[in-house]
Amino acid sequence: MVNKEKIEEGVRLLLEGIGEDTEREGLLETPQRIARMYEELFAGMDQDAAEPLSRQFEVTESGIVLEKDITFYSICEHHMLPFFGKAHVAYLPDGRVAGLSKLARTVEVYARRLQLQERLTAQVADALMENLHPKGAMVLLEAEHMCMTMRGIKKPGSKTVTVAMRGAFEEDAGLRESFYRMLGV
């Protein structure tokens with residue numbers, strides 16, 4: 001759970017640390033605004049990713065289910081700067097499916113935490129395997145990292161791509177090829 005008072009105190013110290021006047025009119029309510037913003041940005045800290053995937057439906061079909069172009073926003077734990085992009089989430093059902101919005105909600109739960117893109121990718125794939133028990137899962141994230149674009153090397157537009165494969169997607173090159181073809185890659 002987010003502790004708003006500690007965040008407000010930290011923001012005041014940060015403002016002082018960069019040489020700002022915390023009593024300046026434009027900054028008077030900044031600590032409270034940032035505390036409310038962090039409560040929203042880190043809402044995934046208090047959420048269980050199993051919850052969105054708990055609503056399932058029985059199916060007899062067994063083709064790939066892919067939800068692509070799921071927009072996500074997260075905060076990198078190294079610099080506490082945003083990274084954002086698209087998630088492409090697929091699984092091969094084994095008798096049960098989740099509603100399509102539940103895949104996006106699963107991405108959202110994990111994205112709303114201090115993150116590394118590599119961990120986020122793996123967490124989504126693992127959540128699918130643990131909760132849907134599919135034959136396999138594959139997750140691809142492509143994201144732009146503000147620590148690469150607005151500071152450091154300053155390369156706007158550069159994207160980081162991460163992939164996690166589980167089960168049948170690890171074992172079957174044809175399934176992986178189908179996944180990439182469905183993405184238009």
Side-chain angles (χ1 to χ4, degrees), residues 1-18 20 22 27-56 65-91 96-134 137-152 159-166:
M1 174 157 228
V2 170
N3 183 325
K4 288 184 180 180
E5 292 79 28
K6 283 192 176 239
I7 294 171
E8 290 173 21
E9 180 183 329
V11 170
R12 282 187 202 89
L13 288 171
L14 177 67
L15 290 170
E16 289 171 3
I18 63 171
E20 270 292 354
T22 59
L27 296 177
L28 284 176
E29 295 180 27
T30 296
Q32 293 85 2
R33 280 192 293 270
I34 290 179
R36 287 190 307 270
M37 176 189 68
Y38 277 3
E39 185 174 43
E40 179 183 344
L41 293 180
F42 298 115
M45 298 291 293
D46 297 324
Q47 295 175 331
D48 181 359
E51 190 277 320
L53 295 172
S54 65
R55 290 207 52 177
Q56 299 175 15
V65 175
L66 169 66
E67 185 69 20
K68 66 182 194 173
D69 295 327
I70 302 168
T71 300
F72 72 90
Y73 300 90
S74 193
I75 305 290
C76 174
E77 68 183 33
H78 291 154
H79 297 99
M80 289 188 70
L81 287 172
F83 67 96
F84 56 92
K86 302 284 184 183
H88 313 288
V89 179
Y91 67 99
R96 309 280 303 159
V97 294
L100 296 177
S101 69
K102 306 310 182 200
L103 302 178
R105 288 184 195 282
T106 301
V107 171
E108 185 80 1
V109 166
Y110 287 118
R112 296 282 180 177
R113 301 174 180 184
L114 281 177
Q115 267 300 5
L116 296 175
Q117 183 175 334
E118 298 87 341
R119 182 187 314 124
L120 173 57
T121 308
Q123 286 174 326
V124 173
D126 291 341
L128 293 175
M129 295 301 288
E130 291 166 15
N131 295 285
L132 295 180
H133 308 288
M138 189 161 172
V139 177
L140 184 146
L141 267 58
E142 49 187 333
E144 185 169 335
H145 291 250
M146 298 305 288
C147 61
M148 288 270 299
T149 61
M150 70 181 286
R151 59 153 305 278
K159 297 247 168 86
T160 300
V161 177
T162 52
V163 178
M165 294 173 266
R166 304 289 186 267

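Computed from heavy atoms alone, side chains included, the values below leave out hydrogens, waters and symmetry copies.
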- Item | Derivation and outcome, side-chain contact (heavy atoms from CB on, under 4.5 Å), residues Thr22 and Leu27 | CA-CA 6 Å; Thr22 59; Leu27 296 177; 5.7 Å; no
- Would you check, one step at a time, whether the test side-chain contact (heavy atoms from CB on, under 4.5 Å) holds for Leu14 with Glu20? CA-CA 9 Å; Leu14 177 67; Glu20 270 292 354; over 6 Å; no
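Taking 4.5 Å as the limit, every side-chain heavy atom of Val139 sits out of range of all side-chain heavy atoms of Leu120. At least one side-chain heavy atom of Lys86 sits under 4.5 Å from a side-chain heavy atom of Thr71. Residues Thr106 and Pro52 meet the side-chain proximity criterion, which asks for heavy atoms closer than 4.5 Å. With contacts defined as side-chain heavy-atom distances shorter than 4.5 Å, the pair Ile7/Ile34 qualifies. Here the side chains of His88 and Glu142 are in contact, with some heavy-atom distance below 4.5 Å. Residues Glu40 and Met37 form no side-chain contact, since every pair of their non-hydrogen atoms from C-beta on lies 4.5 Å or further apart. You'll find the side chain of His145 stays beyond 4.5 Å of the side chain of Leu81, heavy atoms only. Counting heavy atoms from C-beta outward, Lys4 and Glu39 have side chains that approach closer than 4.5 Å.
Ring pair Phe72/Phe83 is perpendicular by interplanar angle, where above 60° counts as perpendicular and below 30° as parallel.
Remark: the backbone N or O of Gly44 is paired with a side-chain donor or acceptor of Arg113 at under 3.5 angstrom. At distances below 3.5 Å, at least one donor-acceptor pair connects side-chain atoms of Gln115 with backbone N or O atoms of Tyr110.
Pairs passing the ring-ring contact (aromatic ring centres under 6.0 Å, His included) check and including a residue from residues 29-53, sequence neighbours excluded, read Tyr38-Phe42.
In this structure, NE2 in His79 is found 11.0 Å from CE in Met148, a value given to the nearest 0.5 Å. Here Glu130 contributes atom CD and Arg166 contributes atom CZ; the two are 9.5 Å apart, rounded to the nearest 0.5 Å. A distance of 9.5 Å separates CG in Leu114 from CG in Leu116, rounded to the nearest 0.5 Å. For the atom pair CG of Asn131 and CZ of Arg55, the computed distance is 15.0 Å after rounding to the nearest 0.5 Å.
No more than 12 heavy atoms of other residues, nucleotides or ligands shown are found within 6.0 angstrom of CZ on Arg105.
Nearest heavy atom pair, residue Gln32 against residue Leu28, reads OE1-O, 3.5 Å. Heavy atoms only, all atoms of each residue included: Ser74 and Ala111 are closest at OG-O, 2.7 Å. The nearest pair of heavy atoms linking Ala164 to Ala125 is CB-CB, 3.9 Å. Contact record, Leu141 with Ala87: CD1-CB, 3.8 Å, taken as the closest heavy-atom pair. The heavy-atom pair separating Leu132 from Leu53 by the smallest distance is CD2-O, 3.9 Å. Here the shortest heavy-atom pairing between Tyr91 and Ala98 reads OH-N, 3.1 Å.
In the model, Thr162 has a side-chain atom that pairs as donor or acceptor with a side-chain atom of Gln117 under 3.5 Å.
With respect to the salt-bridge test (charged N to carboxylate O, under 4.0 angstrom), the residues Arg112 and Glu108 qualify.
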